[in-house]
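Written below as structure tokens is the structure these notes are about.
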Amino acid sequence: MTTSLWRQHVLPFTLLAGLLAVATLAGDYFLHRLNLVWVGRYLGIPGTLLIIGSLMYSLRKRKYFKAGNPKSLLTLHEFCAWLGSLFVLIHAGIHFNAILPWLATIAMGINVISGMVGKLLLDRSRRHMQGQREHFQLRGLSRPAVEQAVFWDAVTYDAMTKWRKVHIPIFVVFVVLSLGHIVSIFLFWGWH
Amino acid sequence: MNPIVKVLLAVNLAVLAVLVFVYPHLMVGPGKLIAGHKKLDADCFACHAPFTGVPSARCVICHKPADIGRLTTTGQAIAKPLTATPFHQKLLSQDCMACHSDHAGVKRFRQAGRFDHALLQADTRKLCQDCHKTPTDSLHRQITGNCSQCHNQEKWLPATFDHNKYFALDRDHTSRCVTCHARNDYSRYTCYGCHEHTPANIRREHIEEGIREFDNCVKCHRNADKDDIRGELAKDKGRHEGKRKKREDDD
């Protein structure tokens, strides 16, 4: 059980989050090493576009349009959000200049982590609940008895679904702060 | 989304929006301004024009091009100018942002000390020594002007001087300059700076070929191939080969 928990839940999360951190540091290092720091300056643009692209799933889920397979769009959502976040993190670098973009970066970080935790915890809770139900049904328990037996698991599952309470509000914060940063760039920077 | 969360979100974001307008230099400014512009810290639009960046016309309100390098913005003579000769008067166009950036975060993206010489008027571009000190090594001490013969204006090193014209620096000759040019004296060279070539070896090999004059290696050898005889004695190559062939026949 412990091995399964580690392999199926803790390890993938650690790998995904760790890979994001390692890829950010590696990207920053190589841009400096190859004297291409200016590239990082513009990585915010593809990063933002990828994050906007990842919203296809969120719009499909809320039925703003009906085209596309939700499962494929979810995979696309995870991939684009991860890669977009990587670009934005490299774009942010380790240089602290202004507060607003850094707040946006922190909001994005919380958003990505809550997304990954949500994805893994929900999956974990769902499988656990299903396993428990099957286990009690095989032991011959009636349906109400099964529901009684998995009561706390159901409560836990409900708690797991609450991750959205973090994911969505923090996404709104991220969008507003990012827009503030983007608008300030357009307002003050000379694009020539 | 919970209505309470919505209200909390809206309040927090509104506070942040107010902070942006009250402290723009902290909230959105890309780092501190240079010391001379400190008083402009919170007045973004003193230099920035909305959506077009920083027009040079705003810089020259305080920094008169005719005075740059000579007088301060208050009209005082500059005691220790950064360059020996003022050159802003000899620029092709007024594009301050091509070289200058005041915010610390933006300066990071510029290579320190980089100056695009193409911004200078053509005549001024040739007067390198007006701004640059002549290197003090023995080679450069002998040269006055005409830097572009060996260097370009992108970067001093590597020099654009064509070493291959004198000796090809192939994979067998990737050593440091001082290996051949002792004490960075580029008017002289030695081939005995590495273990491969020793006076005794070179002497023996040349005497075997019947060559007695071998002090100036590049007179005949222009690359690592010892049989590729060029230079002034190339015309004698046939003679050497003839001698060698005769000796082999005798053997």
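Being a predicted model, the structure only gives us computed values, none of them experimental.
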Within residues 21-36 of chain B, which residues come under 4.5 Å of chain A, heavy atom to heavy atom? Leu26(B), Met27(B), Val28(B), Gly29(B), Pro30(B), Gly31(B)

Select one option (side chain, backbone, both, neither) describing which atoms of Ile185(A) are under 4.5 Å from chain B's heavy atoms.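 Neither part; nothing is under 4.5 Å.
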
Taking side chain as everything from C-beta outward and backbone as N, CA, C, O, which of these in Val37(A) sits under 4.5 Å from a heavy atom of chain B? Side chain, backbone, both or neither.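 For Val37(A), the contact with chain B is made by backbone and side chain together.
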
For residues 101-111 of chain A, give me every residue with a non-hydrogen atom less than 4.5 Å from any non-hydrogen atom of chain B.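 The residues closer than 4.5 Å to chain B, in numerical order, are Pro101(A), Leu103(A).
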
Which atoms of Ala17(B) approach chain A - backbone, side chain, both or neither, heavy atom under 4.5 Å: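 For Ala17(B), no heavy atom lies under 4.5 Å from chain A.
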
To the nearest 0.5 Å, what is the distance between CD1 on Ile99(A) and CG on Leu16(B)? 9.5 Å

Rounded to the nearest 0.5 Å, how far does CD1 of Ile170(A) lie from CG of Leu9(B)? 8.0 Å

Please list every donor-acceptor pair under 3.5 Å in which a side-chain atom of residues 136-149 of chain A meets a protein atom from a residue at least two apart or in another chain.
from      : atom 1 : to        : atom 2 : distance (Å)
Ser142(A) : OG     : Ala145(A) : N      : 3.4
Glu147(A) : OE1    : Arg133(A) : NH2    : 3.3
Glu147(A) : OE2    : Arg133(A) : NE     : 3.1

Residue selection (most heavy-atom pairs with chain B, distance under 4.5 Å) from Asn97(A), Leu177(A), Val176(A):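 Top option by heavy-atom pairs under 4.5 Å: Asn97(A).
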
Tell me whether the rings of Phe188(A) and Phe45(B) are parallel (<30°), tilted (30 to 60°) or perpendicular (>60°).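 Judged by the thresholds at 30° and 60°, the geometry between Phe188(A) and Phe45(B) is tilted.
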
Is it true that, when you exclude Leu82(B) itself, more than 12 heavy atoms of the residues, nucleotides or ligands shown sit nearer than 6.0 Å to its CG? no

More than 12 heavy atoms of other groups within 6.0 Å of Phe161(B) CZ: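 Buried by this count: over 12 neighbours within 6.0 Å.
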
Only pairs at least two apart or in different chains count here, so list each ring-ring contact (aromatic ring centres under 6.0 Å, His included) that has a residue in residues 52-85 of chain B.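 For residues 52-85 of chain B, and leaving out neighbouring residues, the ring-ring contact (aromatic ring centres under 6.0 Å, His included) pairs sorted by first residue read His37(B)-His63(B).
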
